[in-house]
Each structure stands twice: as structure tokens, then as C-alpha cells.
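A short worksheet on the structure shown next.
By convention in this document, chain letters (A, B, ...) are assigned in the order of the sequence lines, proteins followed by strands, and residues within each chain are numbered from 1. Keep in mind that what you see is a predicted model, and the values were worked out from it rather than measured.
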Number of protein chains: 2
Amino acid sequence: MVETHKLTKNQKLVVEALKSAEGPLSAYAILEELRPHGVKAPLQVYRALDKLMELKLIHKVESMSAYVACVQPDCHTHKTVGFAICSSCNGVQELPENVVSLHLDNWAQETGFVRSGIALEVRGTCKTCRENEAAEACC
Amino acid sequence: MVETHKLTKNQKLVVEALKSAEGPLSAYAILEELRPHGVKAPLQVYRALDKLMELKLIHKVESMSAYVACVQPDCHTHKTVGFAICSSCNGVQELPENVVSLHLDNWAQETGFVRSGIALEVRGTCKTCRENEAAEACC
DNA sequence: GAACCAATGTAATAATATAACAAGTCAAGA
DNA sequence: TCTTGACTTGTTATATTATTACATTGGTTC
């Protein structure tokens, strides 16, 4: 279990905002949401985000400049992290660790590159949006 | 062969700047480099970048907000693209297509997610930097 | 308490990216 | 040739994302 009780006030606020969000939030979206709770400046959010990423409680979706709470139960132990992002609804699904790593290990060994982390962002259209688009087109 | 002769003036300038660069360049770094050639505004660069990405002649390294010319000979046919980024020197190596795709296909089929593109950014330390660090530490 | 370290608050600014609109270019067809 | 329309361009202004710098607070250790 993660020791969430050690988090500071701002860190708790930020991680809770992300957990209760539908999808990824930008730093400034988080700021707006937390203004009523006394968070006033971008830096307060960014500092909390940095620490939370260090603790592997959240992730940054690089291609969106946005942040998500990790949904996988033992995510803080992951070395491999990926997302599937729907270009239509901006929804994000986490990719299980096993979809990626294997081949990379070989490549890393061959080239002498030592991995510390990975960002995998798959773009596409999710099932729901695809079905909606099909429904609109058919009639 | 790619039809580079169809590129507009700004597009040619931008792609050439990226090709002759050591590593990834930010949009504003490109702008500074091209000022002597009459490029004056960020939008001129961003528009060229957009088109070049559409043509698959260059790629964006999301986690650096920077852009690189594709080095793989048939890169414009790739659906899968990845980079290994050294956290020490910021150098970027392109990952061959075959290191990633397999497992993703299964996952995509299971979840009904239709892929259109992929951004894979592996963080770590490259061989050269690792050796340099080792040399510094040993004595 | 004094010294210290980490977290905080605040203001200012840097870096990255887009919106809005006017104007120029060029090929296809009347 | 003229004109229409799609596309590219130039320019200004502005939005969005992220960091620097510095003063302050709050607890921990000696």
C-alpha cells in the first residue's frame, strides 16, 4: 500500500483532484479546481505534481501536457507505463505493463542504453467513439 | 523517395534546419536559426512543422516539446515510431519499428481501440554518457 | 532556543503553442 | 483573360504550459 498519509496538504489536494477527474487534467485546470481550497499559484500545483510523479502516484501524459492519477493497483511499482488516448474524446486508458516491454529489453541490451522510464502514448479512436461515429454516418 | 520538391519555402527551411541539427530542436530554436532567412514569427515555424509531421518527414518528441528529422530511410511509411532519449545529453536515437508493435496489436483488438499513431519515448542513459559517468566516478 | 532542511507562498517571467484576420499565390475552368 | 476557390503566407496579439527567484513558514535535531 502507498503511504498517502505522508503527503502534504497540496499534494493531497492535487492527487484527489486527479482521482476524481474523468480524464487527464492540465496543471492549470487543477489550479482552477483547487482555488476554492486555497491554492493560488501555478507553482503550488507543479510542485505537488513533481512530487507525486516521483512517488509514482500519478503520470504525465506528455502529448497532452496533462496529468492522470494512476489507476492500476500497483502502479507505483511499474517501470513501464503506457496510455491509449482517444483523439475524439481525449479519454485515456492505461496499458498493462506486458504490452510493451519485451522487445525493448533486447534492443536496450544491444545498444547499451539503460532504461529508467518509458512513455508510451498510443493515439487512436476508442470503441465508444468509433461506434458513435458509425451511428452518425449510417443514416 | 519522398517528394521534397513539393515543399514550400518555409517547409524546406525547417526540414533542413532539423536535418543538419545534432539533436531535437524546439520550435523557437528553429525560429532563431531561420531568422536570417526571413522567418519572423512562431506561426511560420509551427505551420511548417505541422505539415512536415503530416508528411512523416519529421517527428515531435513529446516529452521534450522538440522536433527531429526522421533518420530512418523509409520513415514516412512507419506507423510505429519511438525514441530513446538520454537524460544526460538529451541525445535521441530512433527505435526500429519491430521493437514495439506486436503486443499492442493484441491489446488493441481486445479493447476495440483503433490505432492511428504512437509515441514511444524511452528515457534512460546512453552508452556514451554511462561510460563518461563511470570514468568520473572511478578515480 | 539555534540551526537546519523541506515545504510554502508570491510575483514575475520564460517557453511553448494557437487564434484571428488580412493579403498574396497559383492552378482549373468559364 | 478573367475569376473563382483552395491553399499558403505574413503579422499581431494572445493563450497555455512551466520555471526562476526570493522571502517566509514549520517542524526536527542538536
Side-chain angles (χ1 to χ4, degrees), chain A residues 3-18 21 23-55 57-68 83 85 87 90 92 119 121 123, chain B residues 3-18 21 23-55 57-68 83 85 87 90 92 119 121 123:
Chain A
E3 312 171 36
T4 45
H5 59 279
K6 278 196 176 177
L7 298 178
T8 67
K9 182 185 136 226
N10 286 347
Q11 288 160 13
K12 274 185 209 157
L13 284 169
V14 168
V15 77
E16 287 309 322
L18 286 174
L25 295 179
S26 76
Y28 281 74
I30 297 169
L31 175 58
E32 286 316 309
E33 196 159 308
L34 296 183
R35 266 191 205 286
H37 297 85
V39 179
K40 286 175 188 165
L43 203 53
Q44 297 174 279
V45 174
Y46 280 107
R47 282 201 277 233
L49 289 171
D50 282 345
K51 186 56 92 178
L52 291 167
M53 283 193 282
E54 209 179 299
L55 297 172
L57 294 174
I58 66 170
H59 300 293
K60 180 173 185 182
V61 184
E62 298 285 355
S63 62
M64 301 177 76
S65 294
Y67 305 82
V68 280
F83 302 101
I85 307 161
S87 300
N90 274 342
V92 164
E121 299 177 12
R123 281 275 164 187
Chain B
E3 311 172 35
T4 45
H5 58 280
K6 279 198 176 175
L7 298 179
T8 67
K9 183 186 135 222
N10 286 347
Q11 287 161 13
K12 274 184 210 159
L13 284 169
V14 168
V15 78
E16 287 310 322
L18 287 175
L25 295 178
S26 75
Y28 280 76
I30 297 170
L31 174 58
E32 286 316 309
E33 196 159 309
L34 296 183
R35 266 191 205 286
H37 297 85
V39 180
K40 287 176 188 163
L43 205 57
Q44 298 175 276
V45 175
Y46 279 107
R47 283 202 275 232
L49 289 171
D50 281 346
K51 185 57 91 177
L52 291 167
M53 283 193 283
E54 209 179 301
L55 297 172
L57 294 174
I58 66 170
H59 301 292
K60 179 173 186 183
V61 184
E62 298 285 355
S63 62
M64 300 177 77
S65 294
Y67 305 83
V68 281
F83 302 101
I85 307 161
S87 300
N90 274 343
V92 164
E121 301 178 12
R123 281 277 165 188

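For DNA chain C, the outermost nucleotides in 5' to 3' order that have an atom under 4.0 Å from a heavy atom of chain A are C:dA7 to C:dT10.
Counting only distance, with no hydrogens or angles, the side chain of A:Glu16 and the backbone of A:Leu13 share no donor-acceptor pair below 3.5 Å. Here the side chain of B:Gln11 pairs no donor or acceptor atom with the backbone of B:Ala48 at under 3.5 angstrom. Looking at B:Glu121, its side chain never comes within 3.5 Å of a backbone N or O of B:Val61 through a donor-acceptor pair. Under a 3.5 Å cut-off, the side chain of B:Glu32 and the backbone N or O of B:Ala29 do not form any donor-acceptor pair.
What separates CD of B:Gln11 from P of D:dC7 is a distance of 13 Å, to the nearest Å. In this structure, B:Tyr28 places its OH atom 14 Å from P of D:dT16, rounding to the nearest Å. A straight line from CD of A:Glu32 to P of D:dT17 spans 11 Å, rounded to a whole angstrom. Atom pair A:Leu25:CG and D:dT17:C1' shows a separation of 14 Å (rounding to whole Å applied). The CG atom of B:Leu7 sits 15 Å away from the C1' atom of D:dC7 (whole-angstrom rounding). Atom CG of B:Asn10 and atom P of D:dC7 are 18 Å apart (whole Å). Counting to the nearest Å, the P atom of D:dT16 and the CE atom of A:Met64 are 15 Å from each other. If you take CG of B:Asp50 and P of D:dT9, they are 12 Å apart, rounded to a whole angstrom.
For D:dA18, one of the phosphate oxygens OP1 or OP2 lies less than 4.0 angstrom from a side-chain nitrogen or oxygen of A:Lys60. Contact annotation: A:Ser26 reaches the phosphate of D:dT17 (side-chain N/O to OP1 or OP2, under 4.0 Å).
Side-chain contact check for A:Leu52 versus A:Leu7: some heavy-atom pair is nearer than 4.5 Å. Residues B:Lys51 and B:Arg47 have side chains not in contact (no heavy-atom distance under 4.5 Å, counting atoms from C-beta outward). Side-chain contact between A:Pro24 and A:Asn90 is absent, with no heavy-atom pair separated by less than 4.5 Å.
For the helix from C:dG1-D:dC30 to C:dA30-D:dT1, the end axes, each set by the C1' atoms of five terminal pairs, are bent relative to each other by 20° (nearest 10°).
Applying the side-chain contact (heavy atoms from CB on, under 4.5 Å) rule to A:Ala27 yields the partners A:Val45, A:Tyr46, A:Leu49, A:Tyr67; only residues at least two apart in sequence or on another chain are considered. Residues satisfying the side-chain contact (heavy atoms from CB on, under 4.5 Å) criterion with B:Ser87, sequence neighbours excluded, are B:Arg123. Residues that satisfy the side-chain contact (heavy atoms from CB on, under 4.5 Å) test with B:Asp50, not counting sequence neighbours, are B:Met53.
The side-chain contact (heavy atoms from CB on, under 4.5 Å) test with A:Leu18 singles out one residue from A:Ile58, A:Val68, A:Leu57, and that residue is A:Ile58.
Annotation: proximity of residues 35-49 of chain B to DNA chain D (heavy atom, distance under 4.0 Å) is found for B:Lys40, B:Ala41, B:Leu43, B:Gln44, B:Arg47, numbered in ascending order.
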